[in-house]
Amino acid sequence: MPGSKSIIPFGPQHPVFPEPLQLRLVLEDEKVVEALPAIGYVHRGIEKLAEKKEYTQNIFLVERICGICSFMHALAYCQGIEMLMDVTVPDRARYLRVIWSELHRLHSHLLWLGLLADSFGFESLFMQSWRSREAVMDIMEATAGGRVIISTCIIGGVRRDISEELMAEVLKTVDVLERDLEIIRPVVFDDYSVKQRLVGTGRITSEQAYDLGSVGPVARACGIARDFRETGYAAYKEIKVTPVTETGGDAYARARVRIREMYQSIDIVRQAVRDIPAGDIAVPARGNPEGEVISRVEQPRGEVIYYIKGDGTKNLERLRVRTPTFANMAPLLTMLPGCELANVPVIVLSIDPCISCTER
Amino acid sequence: MVSLLKSVINNVLRKPETRCYPVERRAPFAGSRGHVEMDPSTCTFCGVCARKCPANALTVSKDPRSWTLEPYKCIVCGYCADICPKKSISMNPNHGLPGGI
Ligand code: SF4
Ligand code: SF4
């Protein structure tokens with residue numbers, strides 16, 4: 001019967017979702033009129049567990065909030081504790097943190113590109129971007145000892161140094177990536193079929209994006225020039241970052257932002273390798289954290305906020321994490337109504353959802 | 001059309017990107033954290049590693065002397081190797097093999 005509504009559960013298990021999220025889609029024929037999210041499938045109680053572990057052990061715990069931007073979680077946490085304990089991180093460590101952060105951003109965006117391509121059936125782009133991503137994974141393992149969860153950030157600095165030879169390898173990797181991106185970029189930017197699926201899909205206005213509190217590439221694709229790296233944490237004081245913005249506000253603009261950010265990350269890695277000073281990589285941190293602090297870091301998906309409250313013992317009183325995907329959930333629910341059912345996967349993937357982050 | 005032809009020829013001539021694991025294995029990177037190894041000749045069974053392990057994967061007792069690692073709990077973070085006062089623990093870059101290989 002035309003005009004009657006039906007509800008389709010999209011997820012928790014769905015081929016395009018890397019992680020479980022359920023969207024109950026209220027449909028009128030093939031058109032989505034409302035989307036109701038149901039989360040909680042990968043809730044692991046990390047915030048509670050963090051109160052039971054020592055604050056030094058928590059670094060390894062918060063890294064496991066997200067399997068993609070793990071280093072940035074550790075970075076946000078360590079920066080918070082360092083603020084509480086008045087620790088000044090050595091310069092070399094700040095640069096190393098930037099190098100690993102940007103490598104993480106690169107592999108995260110490549111992973112996202114593959115998933116987005118997969119969501120509209122462009123399997124060869126999916127394969128190619130994941131193949132390029134392997135180069136980053138390898139350099140991460142060579143420099144840090146792990147492919148994704150690299151566990152190099154500690155309170156007071158980093159655990160590992162990158163030697164001269166490995167720095168050369170890092171540069172070689174970003175050169176290879178740049179070469180690959182030169183092939184991938186025109187496909188995403190100009191290909192007729194890709195544009196058919198992305199342009200105008202899931203559009204929100206700049207006001208909506210601002211009012212709903214969107215962060216990261218979702219906000220920047222609406223022309224909101226906000227990137228937390230501008231505030232100059234770690235070595236971003238010396239390495240200037242200008243937010244990459246687009247004005248379309250649709251899935252195409254979000255894709256463009258992320259592709260351009262990959263070039264930006266490659267530049268940042270090159271600058272950091274060129275300018276990195278010699279010296280210590282960590283200072284000892286003595287005592288226990290006391291007081292409360294908010295620490296913020298720009299992750300590939302946007303800004304993460306850590307609230308840390310210490311009471312002078314080795315256990316924290318409270319750890320609260322607001323992850324970027326959680327902030328982008330409300331914009332997502334605004335993008336969905338009015339779209340065709342076939343476009344739902346593209347819209348969902350265009351915000352680069354990380355459900356493990358959202359639910360912790 | 002020309003670029004398509006170029007891609008086709010490239011793809012035919014190129015080696016595959018994948019490896020035929022487990023027949024062909026990539027050597028691990030030197031600094032890779034593959035698995036934990038303990039040298040019993042230097043260990044004093046002080047138990048520091050067990051107290052600090054974030055995953056509670058280690059159990060150490062002084063009397064009788066024992067040091068046990070639960071491989072399924074270990075998250076291979078390498079914190080025990082950093083913290084051991086005798087430097088008895090090291091990270092071997094070789095990854096454990098999946099069961100049956
Ligand atoms: S910390 Fe080192 S010396 Fe102490 S029990 Fe563990 S392995 Fe042995
Ligand atoms: S590597 Fe980490 S998880 Fe494994 S035993 Fe050592 S401290 Fe525990």
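Lettering of chains follows the sequences in order, A, B, ..., and the numbering in each one begins at 1.
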Note to self: If the threshold is 4.0 Å, N to carboxylate O, is there a salt bridge linking A:Arg159 and B:Asp82?
What the structure shows: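 Between B:Asp82 and A:Arg159 there is a salt bridge, with a charged N closer than 4.0 Å to a carboxylate O.
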So do [Y] and [X] actually touch side chain to side chain, heavy atoms under 4.5 Å?
X	Y	result
A:Cys78	A:Arg97	yes
B:Arg33	A:Ser151	yes
A:Lys48	A:Lys52	yes

Next item on the list: Using a heavy-atom cutoff of under 4.5 Å, enumerate the residues of residues 50-67 of chain B that contact chain A, numbered in order, or state 'none'.
Entry: B:Arg51, B:Lys52, B:Cys53, B:Pro54, B:Asn56
Margin query: I'd like to know whether NZ of B:Lys87 has more than 12 heavy-atom contacts from other residues, nucleotides or ligands below 6.0 angstrom.
Written below: yes
Checklist line | Over 12 foreign heavy atoms within 6.0 Å of CD, B:Glu17 | finding: yes
Give, as side chain, backbone, both or neither, the part of [X] having an atom under 4.5 angstrom from any heavy atom of chain B.
X	answer
A:Ile154	neither
A:Glu141	both
A:Arg147	neither
A:Ile150	backbone

Notebook entry, point to check: Just by modelled atom types, is the A:Phe126 backbone N or O under 3.5 Å from a matching donor or acceptor in the A:Asp118 side chain?
Noted result: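 Checked: no pair found.
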Item checked: Between A:Leu61, A:Thr56, A:Asp138, the one whose heavy-atom pairs under 4.5 Å with chain B are most numerous -> A:Asp138
Next item on the list: Look at B:Ser32, B:Pro93, B:Gly34 and state which one has the largest set of heavy-atom pairs under 4.5 Å with chain A.
Entry: B:Ser32
Item checked: Row check, B:Tyr21 ring normal vs B:Arg25 NZ/CZ: under 6.0 Å, within 45° ->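 Cation-pi check for B:Arg25 and B:Tyr21: passes.
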Margin query: Whether the A:Thr313 and A:Asn315 side chains hold a donor-acceptor pair (N or O, under 3.5 Å, no angle test) is what I'd like checked.
Written below: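 Checked: A:Thr313/A:Asn315 side chains show no N/O donor-acceptor pair below 3.5 Å.
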